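Notes follow once the structure below has been shown.
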Amino acid sequence: MNLIKQNIEKLRNDLHRHNYSYYVLDKPVISDFEFDTKLKELKILEDKFPKFNDENSPTKRVGGTVMKSFDSVIHQYPMYSLDNSYSKQDLEDWNQRLIRNLETENINFLCELKFDGVSINLTYENGNLTKAVTRGDGVQGDDVTENIKTIKTIPLKLEGSFPEKFQIRGEIIINKYDFAEMNNKRLAEGLEPYMNPRNTASGSLKLRDSSETAKRPLKCFFYQVVTQKNDIKTQKEYLTSALDWGFKISNTYKLCDNLAEVMSFINNWDKERSRLDFEIDGVVIKVNNIKFQKQLGFTSKYPRWSIAYKFKTEQVLTKLLSVSYQLGRTGAVTPVANLESVLLGGTYVKRASLHNQDQINKLDLYFNDHVFIEKGGEIIPKIVGVEFEKRDLYSEKIKFIKNCPSCNHVLKRSESESHHYCPNTDNCAPQITGRIQHFISRKAMDINGIGNETVDLLYKSGLVLNYADLYNLKKENLIVLERMAEKSIDNIYFGLEESKKISFERVLFALGIRYVGQTVAKNLAKEFKSIDNLISKTYEDLLLIDEIGERISKSIIDFFKIKNNVKLIDRLRNFGLQFEIIENDKGLIDVLSDCRFVISGIFEINSRDELKKIIEDYGGKVSSSITSKTSYLLGGNNIGPSKLIKANSLGISIISENELNDLIESKH
Ligand code: AMP
Ligand code: ZN
């Protein structure tokens, strides 16, 4: 067979396969950059050798296959893909094409961030959201309206003077911080963490039960209005109008008069993107003038008036030195790859998580392999593949350990779990210190003054064998310990004393009952009000509670069956920890105790002082400036512009007075 033809066909097959993994399975095998490079290569070959044309080539498709479970809807206006560029030269070529087409050099560009989530097309009629459809294959997508309605950043009704009927497109994302929180919660509940924000957002739209979608921290940035209405003249005006109608528009866009300005926008965001609280994978450049956009039109796949500039996902090759196994407080064993130190995205990387046995098998990992690593949505880099050609002839396949790396007890793995566990809960040191470390952690008892290393030290010295022992610590025993100054001891006592104010739901979470994460602990506390009441409940009673299924219910019953656990609780209670819900003097529960607010703007219902009081009555904090610790910007009309920019750049939710009410409601 002709060598060129063979090559084209291999690329097509590869791309079909990767397209399927990426769009249908939501499990990309290669990086976007590699995929785009292959696609480009194919496009060049196809252009050069038109006799090998194929109507079904991946280059002719926008991508994706429609899933069956939701109604399929044909897009009134196809959701085109974007042409990609990777260099200044690519952009200059594009600009030359524009100049030729428009017969003018007087073109300005609106540069936007390329949000890395899933796109959605919404239809609004008379100011009401009537339909939400996923991109699907670009021609038709899935009707996910009910799920979309649960996303708070998507307006259900509009404000101001909007067109009678129009469509708007946006990108649904999950913030990095929310994503990390979500995974922490899952880990605390003994569940497998999600792989990355984009796939999780995408999966969230296709959940059958919209109340499940509602629990996901989804957000949406809008970037494109599609309408026949003619009085809007520029892309920038579309964005500012959409903002007025009530859509969330990132204020990161910039109008550029020439390519040099475009390049500096790109370079700036390539540098700064790690500081954003959401993922972007590039920049989108659009011809600002709508008349020009119409003149330019579309190819069969892309708008001619827009192009994406993709940032590179940096990938490096390094050597796998060994695999170590970490033991968590629940006894779960996580394999970790130790790597030959290598520079990636500005930091040296020495380790990568391998998740579990299935992941090791999927990668087909051998000792001494050379592996490709990449930083994805997660902070910890991941191994994305093996360079098989460099494999040592005699090296051995990595086999998961059979015994606990700490206590040597035989590990267990049940059918339904992806992790191996050490069942020796009471005598396995990392599990014991892990439980104490969980107890003192920020989300639990938040005991400042004791760090994880101190816990190890206290355990090794025999002073603290469980979390109740912390409250028995004597000064004379502490002072003799290594690196324990007078000042550190004061901090420990202060932290312990403060922890006695921590609410019952958090104490319940701190106990470290398997599968009882923050949400479950909150629901239990709300329902049963005290630990005694909770202990008296049966397996069946527990099943009636929100979010509590058979697995959690059994775990709670098992926990209280162990006499030692009840004894620990009694001791903690005697030390003064909260084992019941305390309502404050206004009869209000401290539902906002984890939240920090900044208030800005002019409000319609309550004054600022009144709002401050409401927040504080419910246990929340109000501060004057926005930091990464701020949970919400409570905004009225005319929010201070600097606050708005800061909040947006940190990905902090902006809520209205009404939404504050909803928030308080939802936390009860
Ligand atoms: P691609 O998936 O690489 O073909 O890129 C096209 C996709 O980029 C669109 O379908 C959108 O989901 C996404 N996108 C993200 N941000 C923007 C933006 N500011 N303008 C247009 N598309 C965007
Ligand atoms: Zn063990």
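Atoms within a ligand are numbered from 1 in the order they appear, just like the ligands themselves. Quantities reported herein were computed from a predicted structural model and do not represent experimental measurements.
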_S81: numbered ligand 1 atoms lying under 4.0 Å from its heavy atoms_ =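 The atoms of ligand 1 under 4.0 Å from a heavy atom of S81 are 1 (P), 4 (O).
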
*asked:* Need the ligand 1 atom indices (1-based, order shown) with element for anything under 4.0 Å from a heavy-atom of K310.
replied: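 By the 4.0 Å cutoff, the relevant atoms are 3 (O).
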
_List the residues meeting side-chain hydrogen bond (donor to acceptor under 3.5 Å, both in side chains) with D178, not counting sequence neighbours, and say none if there are none._
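Result, side-chain hydrogen bond (donor to acceptor under 3.5 Å, both in side chains) vs D178: K219.
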
Does an N or O anywhere in [X] fall below 3.5 Å from an N or O of ligand 1?
X: V284; result: no
X: V118; result: no
X: N84; result: no

_Separation of F298 CZ from R304 CZ (nearest 0.5 Å)_ =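 If we round to the nearest 0.5 Å, R304:CZ and F298:CZ are 9.5 Å apart.
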
*Give, for atom CG of D426 and atom CG of N424, the distance between the pair rounded to the nearest 0.5 Å.*
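With rounding to 0.5 Å, CG (D426) is 7.5 Å from CG (N424).
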
Proximity of [X] to ligand 1 by residue part, where a heavy atom lies under 4.0 Å:
X: E171; answer: side chain
X: Q224; answer: neither
X: L113; answer: backbone
X: Y223; answer: side chain

Is any NZ, NE, NH1 or NH2 atom of the basic residue among [X] and [Y] found under 4.0 Å from an Asp or Glu carboxylate oxygen of the other?
X: K310; Y: D270; answer: no
X: D47; Y: K43; answer: yes
X: R198; Y: E171; answer: no
X: R97; Y: D93; answer: no

Is the shortest distance from a heavy atom of [X] to ligand 1 less than 4.0 Å?
X: D36; value: no
X: M79; value: no
X: K114; value: yes

_Nearest non-hydrogen partners of I307 and D83, listed with the distance_ =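 So the two residues come closest at CG1-O, 3.4 Å.
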
*List nothing but the number: protein N/O/S atoms under 2.8 Å from the Zn ion (ligand 2).*
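There are 4 of them.
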
_If only side-chain N and O atoms count, and only distance matters, is there a donor-acceptor pair under 3.5 Å linking T213 with N147?_
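Yes, because at least one side-chain N or O of N147 sits under 3.5 Å from a partner of the opposite role on T213.
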
*Can you say whether the rings of H420 and F400 are parallel (under 30°), tilted (30 to 60°) or perpendicular (over 60°)?*
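H420 and F400: parallel rings.
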
*Quick one: which of F109, Y309, Y86, W305 gives a ring-ring contact (aromatic ring centres under 6.0 Å, His included) with W94?*
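That would be F109.
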
_On the six-membered ring of Y80, is R135 placed so that its NZ or CZ lies under 6.0 angstrom from the centre and within 45° of the ring axis?_
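No - R135 does not lie over the ring of Y80 by the 6.0 Å and 45° rule.
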
